[in-house]
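Working notes for the structure below.
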Amino acid sequence: MMMAGDDAALDETLASLGLTRFTPPAPKPGGLVHVFQIFEERALARLGGIADAYAAPGGIGFGFTEHRDLDAIAQRGSKDVICIYSATVRTMWSLANAVMGIREMFPWIDDIDRLGAPPPPPKGELFFVQQATFASEPIRRKLGAALFDAAMDFALMHEVAHLWNGHVDLLHQRHGPLPYREMHLVEASGLDLAEAQAMEFDADSFAVQKVLARVARENPFAEFSEGLLRDHKVPQDGELTASWYFTWFSIYVLFRAFDEACIVAAATPRPQPSAPLRLACLLPTVAGVAARQGWSKLDMGQWEIIASEAALEAEGAFCRLRRAAVDTDTFKSAWDGRAFDVIDYHLRTWERLGPALAPLRRGAMPAAAGSVTASARIA
Ligand SMILES: [Zn+2]
């Protein structure tokens, strides 16, 4: 295995933005491992699962940088690079735990809590968790960990899309070898806003398909199904109903946290619509792909009910944590058909963007086998 701190492509990418690597803190006695380390291991396993080049040692430059923006970057250099900003991991982990700390959220979960579960970790150890992959956590924390996992998987696959769908290469072609970043993208690169919006939609569509494919395979929220279905009237989809519901919940929280971070960082203009509309825009893709792949029997209307119910619950939790009122009018207006107008707008941009991206689309960069440098490969 490549040693941490031994990735020149990642360091070079960060240096181009004036950033440095953030290394996950070392484990503590008693099997306590930092949440960054757990996420890093999962991210590398998932990246290895979608491309042989990423499965090779050092096949992708993956890591973190310490920064207060809720951001992520994708870059192609001597190999593919994905860097997640520390605030993204911290915020999503804190939010998932805080949401589950609201006793009124999913109250059914406490009814089915099992006796004999191990006690929660000592106070002040929010970010250090048991290595046994959350499995030994009390059930509320376990659901929080699963929500975090689904949200971060989406964030990761969204960055993969920027690499594979030609977005990073197009940015290089037009504006030089900048990394593709989520916040300040248009400000920093001069990328056309409509094109950036269409690429963000493309990356979300790619990510949601990868995430749902995994959810259909692994059914990660199965154990929360009984309680959820007792309290929520949502369209049934066999054993996967709860996993669909909580996956939408997770993705919504990620979008919502990103909205908040963009406002705080005054990141404008931004190429993503606000959380409810961003989620609604994914539904036609999901309904189509899920039916085609045989993942689900839900139709478009049923997908919309599950996704909007989960998103509203997530919005309620988010507002409660921020002591803000839910803006129900803005939320509801996302589901009144305006997503189709947004998609239509992206498709019109795609008429000129699609042909530019087509020759740039490809999978992972081939693994450089560690010792082979870019110049050696050219020679
Ligand atoms: Zn993006």
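In what follows, residues are counted from 1 in the order of the sequence shown. Indexing begins at 1, ligand by ligand and atom by atom, following the structure's order.
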Glu187-His184 side chain donor-acceptor pair, cut-off 3.5 Å: yes
Using a cut-off of 2.8 Å, how many protein N, O or S atoms lie below it in distance from the Zn ion (ligand 1)?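 With waters ignored, the protein N/O/S count below 2.8 Å is 6.
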With side-chain hydrogen bond (donor to acceptor under 3.5 Å, both in side chains) as the rule and sequence neighbours excluded, what pairs involving residues 295-322 come up?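 Checked against side-chain hydrogen bond (donor to acceptor under 3.5 Å, both in side chains) - neighbours excluded - the pairs reaching residues 295-322 are Glu104-Arg320, His232-Glu313, Asp237-Ser296, Tyr245-Glu313, Tyr252-Glu315, Arg256-Glu315, Glu260-Arg322.
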Output the distance between atom CG (Leu353) and atom NE2 (His346), rounded to the nearest 0.5 Å.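 Between Leu353 CG and His346 NE2, I get 11.0 Å after rounding to 0.5 Å.
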Salt bridge or not between Arg174 and Asp192? Use side-chain N to carboxylate O under 4.0 Å. no
Above 12 or not: heavy atoms from other molecules or residues under 6.0 Å from CZ of Arg68? no
Report the C-alpha distance between Asp80 and Arg362 in whole Å, list the side-chain angles of each, state the deciding distance to 0.1 Å, and finish with yes or no for salt bridge (Lys or Arg N to Asp or Glu O under 4.0 Å). CA-CA 12 Å; Asp80 288 351; Arg362 50 187 170 173; over 6 Å; no
